[in-house]
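What you see is a predicted model, and the numbers here were worked out from it, not measured in a lab.
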Amino acid sequence: MDLEQAKSNIAVAQDQAMHISQQGVLLIIQFEGLKLNAYLCPAQVWSIGIGTTVYPNGKSVQKGDTCSYEQALRYKQHDLKRFVQVVNETVYVKLNQNQFDALVCLAYNIGAQAFRQSSLVKNLNTGDYESAAEQFLVWNKSRGQVLNGLVRRRAQERQLFLS
């Protein structure tokens, strides 16, 4: 399928927008963890809660910020909604639930812009699911350094995508 054919299916796909499953949410929580005080993630971005970098009001997380457990859950819900929308708007091919969950987990971690511009999405939108699956493993670095946590995360996301 070429990209133009895939794009022509957008209207139908948007009527059938997918949602992340509980399994997908748990995978994100497993890797993001929960921190009620702002921290610098390995990419040197201030984060809080369950990997939140931007609050629902659009303000970036800052050094010294704190949140309650309940706030962290609200931030996560807001972030999930954003990244579910990014995947629904960016991927033009049919996905199963596991593939969708893996893609949302990846987007949640690398950000919307990086996800949209990735070779993974480009390969996927041409119908090349195998090449797309291999692209998960490319996203294992932060600031040029391979991180064991990202190696593990990408392996699990890839495995979920292929299941």
Side-chain angles (χ1 to χ4, degrees), residues 17-91 95-124 129-163:
M18 295 186 74
H19 304 280
I20 193 166
S21 73
Q22 188 64 24
Q23 177 184 9
V25 173
L26 291 175
L27 185 62
I28 291 169
I29 292 170
Q30 172 190 335
F31 282 107
E32 294 293 339
L34 170 67
K35 295 190 173 112
L36 302 180
N37 297 308
Y39 62 95
L40 275 176
C41 75
Q44 301 300 298
V45 175
W46 285 104
S47 305
I48 200 164
I50 303 168
T52 294
T53 59
V54 177
Y55 294 111
N57 67 6
K59 180 182 172 211
S60 294
V61 175
Q62 303 291 313
K63 179 180 181 177
D65 287 356
T66 62
C67 70
S68 68
Y69 176 74
E70 292 76 18
Q71 286 172 313
L73 293 179
R74 283 196 303 276
Y75 301 157
K76 174 192 58 91
Q77 284 307 114
H78 179 264
D79 290 341
L80 282 173
K81 183 177 177 183
R82 281 184 27 224
F83 292 110
V84 161
Q85 182 176 353
V86 165
V87 174
N88 276 317
E89 291 175 350
T90 307
V91 175
L95 299 171
N96 68 35
Q97 187 64 56
N98 288 342
Q99 291 167 329
F100 185 80
D101 289 350
L103 292 170
V104 173
C105 188
L106 176 69
Y108 194 104
N109 185 242
I110 69 173
Q113 183 174 350
F115 180 79
R116 283 186 185 105
Q117 296 174 348
S118 70
S119 294
L120 187 156
V121 170
K122 287 178 181 76
N123 292 342
L124 187 56
Y129 291 79
E130 276 187 41
S131 292
E134 295 311 309
Q135 285 295 307
F136 278 94
L137 305 178
V138 171
W139 293 91
N140 64 355
K141 297 176 189 77
S142 178
R143 308 188 117 211
Q145 299 277 71
V146 174
L147 299 181
N148 290 334
L150 289 178
V151 170
R152 285 190 306 276
R153 182 177 184 150
R154 300 303 174 239
Q156 280 197 263
E157 290 167 345
R158 179 182 173 274
Q159 181 180 11
L160 180 61
F161 182 84
L162 290 170
S163 63

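Side chain of Gln85 to main chain of Arg82: no donor-acceptor pair is present (N/O by atom type, distance under 3.5 Å, no hydrogens or angles). Proximity of a side-chain donor or acceptor of Lys76 to a complementary backbone N or O of Thr52 within less than 3.5 Å is not detected. The main-chain N or O of Pro42 is found under 3.5 Å from a side-chain atom of Ser142 such that the two form a donor-acceptor pair. Counting only distance, with no hydrogens or angles, the side chain of Asp101 and the backbone of Ser21 share a donor-acceptor pair below 3.5 Å. Looking only at distances, no side-chain donor or acceptor of Arg154 sits under 3.5 Å from a matching main-chain atom of Asn140. Side-chain atoms of Asn98 do not come within 3.5 Å of backbone N or O of Leu162 as any donor-acceptor pair.
Here Cys105 contributes atom SG and Glu32 contributes atom CD; the two are 7.5 Å apart, rounded to the nearest 0.5 Å. Note that NZ of Lys63 and CG of Leu40 are 8.0 Å apart. Values are rounded to the nearest 0.5 Å. In this structure, CG in Leu73 is found 10.5 Å from CG in Leu80, a value given to the nearest 0.5 Å. The line from NZ of Lys141 to CG of Leu147 is 10.0 Å long, rounded to the nearest 0.5 Å.
The environment of Glu130 atom CD is sparse: at most 12 non-hydrogen atoms of other residues, nucleotides or ligands sit within 6.0 angstrom. Summarising the local packing, CD of Gln159 is surrounded by 12 or fewer heavy atoms from other residues, nucleotides or ligands at distances under 6.0 Å.
Thr53 places none of its side-chain heavy atoms less than 4.5 Å from the side chain of Trp46. Residues Tyr108 and Phe115 are not in side-chain contact: their nearest non-hydrogen atoms beyond the backbone lie 4.5 Å or more apart. Residues Arg116 and Val86 have side chains in contact (heavy-atom distance under 4.5 Å, counting atoms from C-beta outward). A heavy-atom distance below 4.5 Å is not found between the side chains of Arg74 and Cys67. Contact of the Phe31 side chain with the Glu157 side chain is not registered, since no non-hydrogen atoms from C-beta on lie closer than 4.5 Å. In this structure the side chain of Asn109 reaches within 4.5 angstrom of the side chain of Leu150, judged on heavy atoms. Counting heavy atoms from C-beta on, the side chains of Thr90 and Leu103 never come closer than 4.5 Å. No side-chain heavy atom of Val84 sits under 4.5 Å from any side-chain heavy atom of Met18.
Between Tyr55 and Tyr75, the ring-plane angle classifies as perpendicular under the 30° and 60° cut-offs.
For the residue pair Leu95 and Gln99, the shortest heavy atom distance occurs at CA-OE1, 3.3 Å. Among all heavy-atom pairs drawn from Val61 and Ala38, the shortest one is CG1-CB, 3.9 Å. Listed here is the closest heavy atom pair of Val87 and Phe100: CG1-CE1, 3.5 Å. Scanning both residues, Ala112 and Phe83, for their nearest heavy atoms gives N-CE2, 3.6 Å.
Under 3.5 Å, the side chains of Gln156 and Gln30 contain a donor-acceptor pair of N or O atoms.
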